[in-house]
Q: 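What follows is a structure written as structure tokens; I'll ask about it next.
All of these numbers come straight from a predicted model, not from anything done at the bench.
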Amino acid sequence: MSERKENFYDVIIIGGGPAGLTAGIYTSRAMLKTLIISSPTLPSQVLLTDKIENYPGFPNGISGSELLELMKSQTIKFGCEHITEEVKKISQPHISKFEIFFSNTDEPVSSKTVIIATGRRAKMLNIENEEQFVGRGISYCGICDAPLYRDKTVVVVGGGDTALQETLYIAKFVNKIYLVHRRKEFRGTKILQQQVFQNKKIEIVTPAVVQKIIGSQKVESVEIKFVDSGETRTICCDGIFVFIGEIPNTEFVKDILELDSEGYIVVNEKLCSSLLGIFAAGDCRKGNLKQVVTACSDGAVAAESVKEYLSK
């Protein structure tokens, strides 16, 4: 879906989450011709958040979708353009020109600078039948899908803060949760661990890994393997929730930018990447707290760095 009016911009922002939209507010308000490209397949994780309670200015909280819509309206007010496309690659035919190529067309758009704010996504287990059952019993978002399993039995995989928080939320809806973690000890904060251990709906299964998902039209059970003994166990369930970490959405720049060992974009204090003229903000870049408020801060810093770069 394309709404763009031009082919050449002062700045193209790849990513329509808090970092990208904040950057767009700053650049378009500064009278820079700005285009924001949102992915149709990798939406901002904020959209999966039912209620954000720690973003300043909203004492009663706000839904992720509502917050993004307000931010987008603000960018449009200042003349920012928006399109929804899957970015395939970035090239630099000239020192002052970048070309953005899309998956479904050969016609690129060009700009003087680029801000990458593509965020990150949930890691998959990468086991037998996982992709087959995505949307048919496998979920990576408790807030999104927990109500679908009201009064049912589910398996949750993970041991960090996100896994424990999501488990406690899912427990409000389901009858039974088997919490599977590959280590004996959980990595989540002690207060969350205590709440999980005290919840009678939650059965701890450690140290163990899920090695197979079983079902016909939907998830019916999972096969787990205990790390210490090597013994296996089949757990009957209606669904499985996976919270084992995140992956930055940076595959399309791995050949042109410096990434760390986990795939996050390496930047300096002004959020400039290893390639002059390309900046990174939010959850896709190395070294920041992964929160909405810090993503917005990154967006503002990246936008100011773009202005400084263009003025030179």
Q: Of R233, Q211, K212, which is the lone residue that meets side-chain hydrogen bond (donor to acceptor under 3.5 Å, both in side chains) with E223?
A: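 Of the listed residues R233, Q211, K212, the side-chain hydrogen bond (donor to acceptor under 3.5 Å, both in side chains) partner of E223 is Q211.
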Q: Classify the ring geometry of F186 against H181: parallel below 30°, tilted from 30° to 60°, perpendicular beyond 60°.
A: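 If you compare the ring of F186 with that of H181, the planes turn out parallel.
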Q: Mind checking whether F102 and V109 have side chains closer than 4.5 Å, heavy atoms only?
A: yes
Q: Is the closest side-chain heavy-atom distance between T118 and L42 below 4.5 Å?
A: no
Q: Do you know which two heavy atoms are closest between A302 and F279, and how far apart they sit?
A: CB-CB, 4.4 Å
Q: Taking all atoms of both residues into account, what is the closest heavy-atom pair of E99 and S110, and its distance?
A: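 In this case the closest contact between E99 and S110 is CG-OG, 3.5 Å.
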Q: Would S216 and E220 count as having a side-chain donor-acceptor pair, cut-off 3.5 Å?
A: yes
Q: Identify whether L192 and V156 are in the same connected component of the hydrophobic contact network (ILVMFWY, side-chain heavy atoms under 4.5 Å).
A: yes
Q: Please examine the side chains of I116 and C284, heavy atoms only from C-beta on, and report whether any two atoms are closer than 4.5 Å.
A: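 Counting from C-beta outward, C284 and I116 do come under 4.5 Å.
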Q: Using the rule that Ile, Leu, Val, Met, Phe, Trp and Tyr join whenever any side-chain heavy atoms are under 4.5 Å apart, tell me whether I214 and V180 fall into a single cluster.
A: no
Q: Around R121, counting heavy atoms of other residues, nucleotides and ligands shown, do more than 12 lie under 6.0 Å from its CZ?
A: yes
Q: Would you name the heavy atoms of P18 and M71 that are closest together and state the gap between them?
A: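 Minimum heavy-atom contact is CA-SD, 3.9 Å.
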Q: So, taking the atom named CD1 in I204 and the one named OH in Y178, what distance separates them when rounded to the nearest 0.5 Å?
A: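 The CD1 atom of I204 sits 12.0 Å away from the OH atom of Y178.
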Q: Is there a side-chain contact between L164 and F243 (heavy atoms, below 4.5 Å)?
A: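 The answer is no, as the side chains (C-beta and beyond) never meet within the 4.5 Å cut-off.
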Q: Output yes when a side-chain donor or acceptor of S274 lies under 3.5 Å from a complementary backbone atom of E258, and no otherwise.
A: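 Judged by distance alone, yes, a pair lies under 3.5 Å.
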Q: Answer whether the closest heavy-atom distance between the side chains of N7 and E107 falls below 4.5 Å.
A: yes
Q: So, for N104 and E85, which heavy atoms are closest and what is the spacing to 0.1 Å?
A: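 Distance-wise, the nearest heavy atoms are OD1-OE1, 3.0 Å.
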Q: Other residues, nucleotides and ligands only: do more than 12 of their heavy atoms fall within 6.0 Å of CG on L289?
A: yes
Q: Go through the steps to decide whether V87 and S39 satisfy the test side-chain contact (heavy atoms from CB on, under 4.5 Å), and finish with yes or no.
A: CA-CA 7 Å; V87 174; S39 168; over 6 Å; no
Q: Whether the side chain of E130 engages the backbone of N126 through a donor-acceptor N/O pair (distance < 3.5 Å, no angle test) should be reported.
A: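 It does hold such a pair.
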Q: Distance check, rounded to the nearest 0.5 Å: I36 atom CD1 versus I14 atom CD1?
A: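 It comes to 11.5 Å.
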Q: More than 12 non-hydrogen atoms from neighbouring residues, nucleotides or ligands closer than 6.0 Å to OH on Y26, yes or no?
A: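 Check fails, neighbour count at 12 or below.
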Q: Take a 6.0 Å sphere around NZ of K254 and say whether it holds more than 12 heavy atoms from other residues, nucleotides or ligands.
A: no
Q: So, does S91 use its side chain to make a donor-acceptor pair with the main chain of P93 at under 3.5 Å?
A: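 Such a contact is absent between S91 side chain and P93 backbone.
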Q: What's the spacing between T167 OG1 and K172 NZ if we round to 0.5 Å?
A: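 With rounding to 0.5 Å, OG1 (T167) is 12.5 Å from NZ (K172).
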Q: Would you check if the side chain of S273 reaches a backbone N or O of I278 as a donor-acceptor pair within less than 3.5 Å?
A: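 Side chain of S273 to backbone of I278, a donor-acceptor pair under 3.5 Å: yes, one is there.
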Q: Ignoring hydrogens and geometry, is there a side-chain-to-backbone donor-acceptor pair from T250 to V253 under 3.5 Å?
A: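 Here the side-chain-to-backbone pair does not exist.
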Q: Between the side chain of R182 and the main-chain N/O of V227, is any donor-acceptor distance below 3.5 Å?
A: no
Q: If you measure from OG1 on T206 to CD on E185, what distance do you get to the nearest 0.5 Å?
A: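 T206 atom OG1 to E185 atom CD measures 8.0 Å (nearest 0.5 Å).
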Q: Please walk me through it: do E69 and S73 pass side-chain contact (heavy atoms from CB on, under 4.5 Å)?
A: CA-CA 6 Å; E69 193 56 41; S73 297; 4.1 Å; yes
Q: Is the closest basic N to carboxylate O distance between E86 and K88 below 4.0 Å?
A: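 No, E86 and K88 are not salt-bridged.
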Q: Any non-hydrogen side-chain atom of L21 less than 4.5 Å from a side-chain atom of H82?
A: yes
Q: Please lay out, stage by stage, how Q74 and R29 fare under the test side-chain contact (heavy atoms from CB on, under 4.5 Å).
A: CA-CA 10 Å; Q74 201 168 352; R29 188 171 181 270; over 6 Å; no
Q: If two hydrophobic side chains count as joined below 4.5 Å and joins carry through other members, does M31 share a cluster with L35?
A: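 Each belongs to a different hydrophobic cluster.
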Q: What distance do D255 atom CG and K89 atom NZ have between them, rounded to the nearest 0.5 Å?
A: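 Separation between the atoms: 10.0 Å.
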Q: Using the rule given for side-chain contact (heavy atoms from CB on, under 4.5 Å), can you reason through Y309 versus C272, listing the C-alpha separation, both sets of side-chain angles and the distance that settles it, and then say yes or no?
A: CA-CA 10 Å; Y309 173 81; C272 181; over 6 Å; no
Q: Is there a path of hydrophobic side-chain contacts, each under 4.5 Å between heavy atoms of I, L, V, M, F, W or Y residues, that connects I76 with L70?
A: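 The answer is no; the residues belong to distinct hydrophobic clusters.
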Q: Can you give me the closest heavy-atom contact between C236 and T153, atom names plus distance?
A: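 For C236 and T153, the tightest heavy-atom pair comes out as O-CG2, 3.8 Å.
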Q: With heavy-atom distances below 4.5 Å as the criterion, would you say the side chains of I224 and I235 are in contact?
A: yes
Q: If hydrophobic clusters are built by linking Ile, Leu, Val, Met, Phe, Trp and Tyr wherever their side-chain heavy atoms come under 4.5 Å apart, do L168 and I170 end up in the same one?
A: yes
Q: What I want to find out is whether D10 reaches K112 closely enough, with some N-O distance under 4.0 Å, to be called a salt bridge.
A: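 Yes, charged N to carboxylate O under 4.0 Å.
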Q: Does the pair K184/D228 count as a salt bridge with the N-to-O cut at 4.0 Å?
A: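 Yes.
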Q: Between E246 and K290, does at least one N-O distance fall below 4.0 Å, as a salt bridge requires?
A: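 Here E246 does not pair with K290 in a salt bridge, since their nearest N and O are not under 4.0 Å apart.
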Q: How long is the gap from CZ on F241 to CD1 on I177, to the nearest 0.5 Å?
A: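 That separation rounds to 8.5 Å.
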Q: Looking only at heavy atoms, what is the nearest atom pair of D161 and G188, with distance?
A: OD1-CA, 3.0 Å
Q: Are Y9 and T113 packed together at the side-chain level, in the sense that at least one heavy-atom pair is separated by less than 4.5 angstrom?
A: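 The answer is no, as the side chains (C-beta and beyond) never meet within the 4.5 Å cut-off.
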Q: Exactly one of I37, I100, I13, V11 should register a side-chain contact (heavy atoms from CB on, under 4.5 Å) with V114. Which one does?
A: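 Filter result, single survivor: I100.
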Q: With no hydrogens and no angle check, is any side-chain donor or acceptor of S305 less than 3.5 Å from a backbone partner on K270?
A: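 Present.
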Q: Measure from the side-chain N and O atoms of K201 to the backbone N and O of A171, and report whether any donor-acceptor pair falls under 3.5 Å.
A: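 At least one qualifying donor-acceptor pair exists.
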Q: Would you indicate whether K176, at its atom NZ, is surrounded by more than 12 heavy atoms from other residues, nucleotides or ligands within a distance under 6.0 Å?
A: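 Yes, enclosed.
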Q: Give a yes or no on whether the backbone of I213 and the side-chain of N129 come within a donor-acceptor separation of less than 3.5 Å.
A: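 Yes; judged by distance alone, with no hydrogens or angles, the pair exists.
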Q: Any side-chain to backbone donor/acceptor pair from D298 onto G282? Under 3.5 Å, distance only.
A: yes
